[in-house]
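What follows is a single structure, written as structure tokens, with notes after it.
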Amino acid sequence: AAGVIQSPRHLIKEKRETATLKCYPIPRHDTVYWYQQGPGQDPQFLISFYEKMQSDKGSIPDRFSAQQFSDYHSELNMSSLELGDSALYFCASSLWGGWPHSEQFFGPGTRLTVL
Amino acid sequence: AQKVTQAQTEISVVEKEDVTLDCVYETRDTTYYLFWYKQPPSGELVFLIRRNSFDEQNEISGRYSWNFQKSTSSFNFTITASQVVDSAVYFCALSETLLGANSKLTFGKGITLSVRP
């Protein structure tokens, strides 16, 4: 079965550079979530989209922006990178709906290293 | 606000021992989901179980079992006859409803389980 695809899997950037992470949800899934997991930390919710509209927002820095496109893939844009942005970034997708709720399927993550 | 507490940070056991990972949650919602994920050293999040707030039946899947008790807001995970391959970080997570649908996951801090041969 098709899973959530994230690209790239690994990314190395310098401070103050920009980075773009991509997420391709499972076919027919209309909702995308982004999470950030720092070293030794738990995943923290950043932002989510449903049908190309932002559905919820967590502790996402102003330097970050994200969007969902018409084909439902999503991109997380990160500017003015800081050392503290080094983390594993997960994307998850699900079907927006009523009870019983669809679970979130996680991608393999993108490991971002800021030097 | 929702919160998940995993009071244990690190657990070390010898192979074949049973081990229980504790999870306590807080939520104001009456409709919510609880999850357990495994994160091996490779980093991916492996889904283990999802339980909704209306289903308090315990579940067993092979060597894994889960005990959900709403009265104590706990959702504990037991591994029977642990194996070295069970070594990983285990996260408990909670999802409330947003506009009638699934919302973001709130994770606990995770428990690092080490199983020694």
Side-chain angles (χ1 to χ4, degrees), chain A residues 1 3-6 9-11 25-26 29-51 53-60 66 86-113, chain B residues 1-10 21 23-25 27 29-55 57 88-114:
Chain A
V4 177
I5 297 172
Q6 291 188 247
R9 293 292 309 278
H10 300 273
L11 189 59
I26 290 172
H29 280 192
D30 50 18
T31 306
V32 169
Y33 307 80
W34 286 97
Y35 295 84
Q36 176 193 55
Q37 185 180 23
Q41 304 294 314
D42 55 295
Q44 293 286 318
F45 171 72
L46 292 177
I47 196 167
S48 63
F49 292 89
Y50 162 64
E51 283 290 345
M53 299 288 289
Q54 181 182 306
S55 55
D56 198 3
K57 189 174 179 180
S59 48
I60 183 170
S86 295
L88 193 51
Y89 290 83
F90 288 104
C91 170
S93 75
S94 72
L95 266 175
W96 187 278
W99 192 268
H101 297 167
S102 171
E103 72 177 87
Q104 293 180 30
F105 292 82
F106 280 84
T110 293
R111 190 171 295 279
L112 172 67
T113 302
Chain B
Q2 57 193 47
K3 184 180 178 182
V4 176
T5 301
Q6 295 182 262
Q8 305 150 310
T9 54
E10 295 184 23
L21 311 181
C23 174
V24 174
Y25 63 92
T27 177
D29 256 7
T30 56
T31 303
Y32 53 89
Y33 274 100
L34 294 163
F35 302 79
W36 276 95
Y37 287 88
K38 173 182 179 181
Q39 188 172 44
S42 52
E44 73 269 25
L45 283 169
V46 179
F47 168 80
L48 295 178
I49 190 171
R50 176 182 63 165
R51 176 63 85 229
N52 73 61
S53 53
F54 296 104
D55 182 3
Q57 274 196 329
V89 180
Y90 290 86
F91 290 99
C92 180
L94 168 69
S95 170
E96 295 176 332
T97 56
L98 175 68
L99 303 176
N102 234 7
S103 76
K104 63 182 182 291
L105 292 175
T106 296
F107 289 84
K109 294 300 182 185
I111 301 170
T112 300
L113 174 64
S114 299

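Since the structure is predicted, the reported quantities are computational estimates derived from the model, not experimental observations. Every heavy atom of this structure was used, including side-chain atoms; hydrogens, water molecules and symmetry mates were not. Letters A, B, ... mirror the listed sequences (proteins, then strands); counts begin at 1.
Taken from CD in Gln41(A) to NZ in Lys109(B), the straight-line distance is 6.0 Å, to the nearest 0.5 Å. The line from OG of Ser95(B) to OH of Tyr33(A) is 6.5 Å long, rounded to the nearest 0.5 Å. Atom NZ of Lys104(B) and atom NZ of Lys57(A) lie 13.0 Å apart (nearest 0.5 Å).
Neither the backbone nor the side chain of Gln6(B) comes within contact range of chain A; no heavy atom of the residue lies under 4.5 Å from a heavy atom of that chain. Contact of Phe107(B) with chain A is made through backbone and side chain together, with heavy-atom distances under 4.5 Å. Phe90(A) touches chain B through its side chain: at least one heavy atom from C-beta onward sits under 4.5 Å away, while N, CA, C and O do not.
The two residues Phe91(B) and Gln37(A) come nearest to each other via the heavy atoms CZ-NE2, 3.4 Å. When all heavy atoms of Pro43(A) and Leu45(B) are compared, the closest pair comes out as CG-CD1, 4.3 Å.
Here the two rings, on Phe106(A) and Tyr37(B), have centers that are under 6.0 Å apart.
With hydrogens and angles ignored, the 3.5 Å screen pairs a side-chain donor or acceptor of Tyr35(A) with a backbone N or O of Leu105(B).
Proximity of Gln44(A) to Thr106(B): side-chain heavy atoms (C-beta onward) are nowhere separated by under 4.5 Å.
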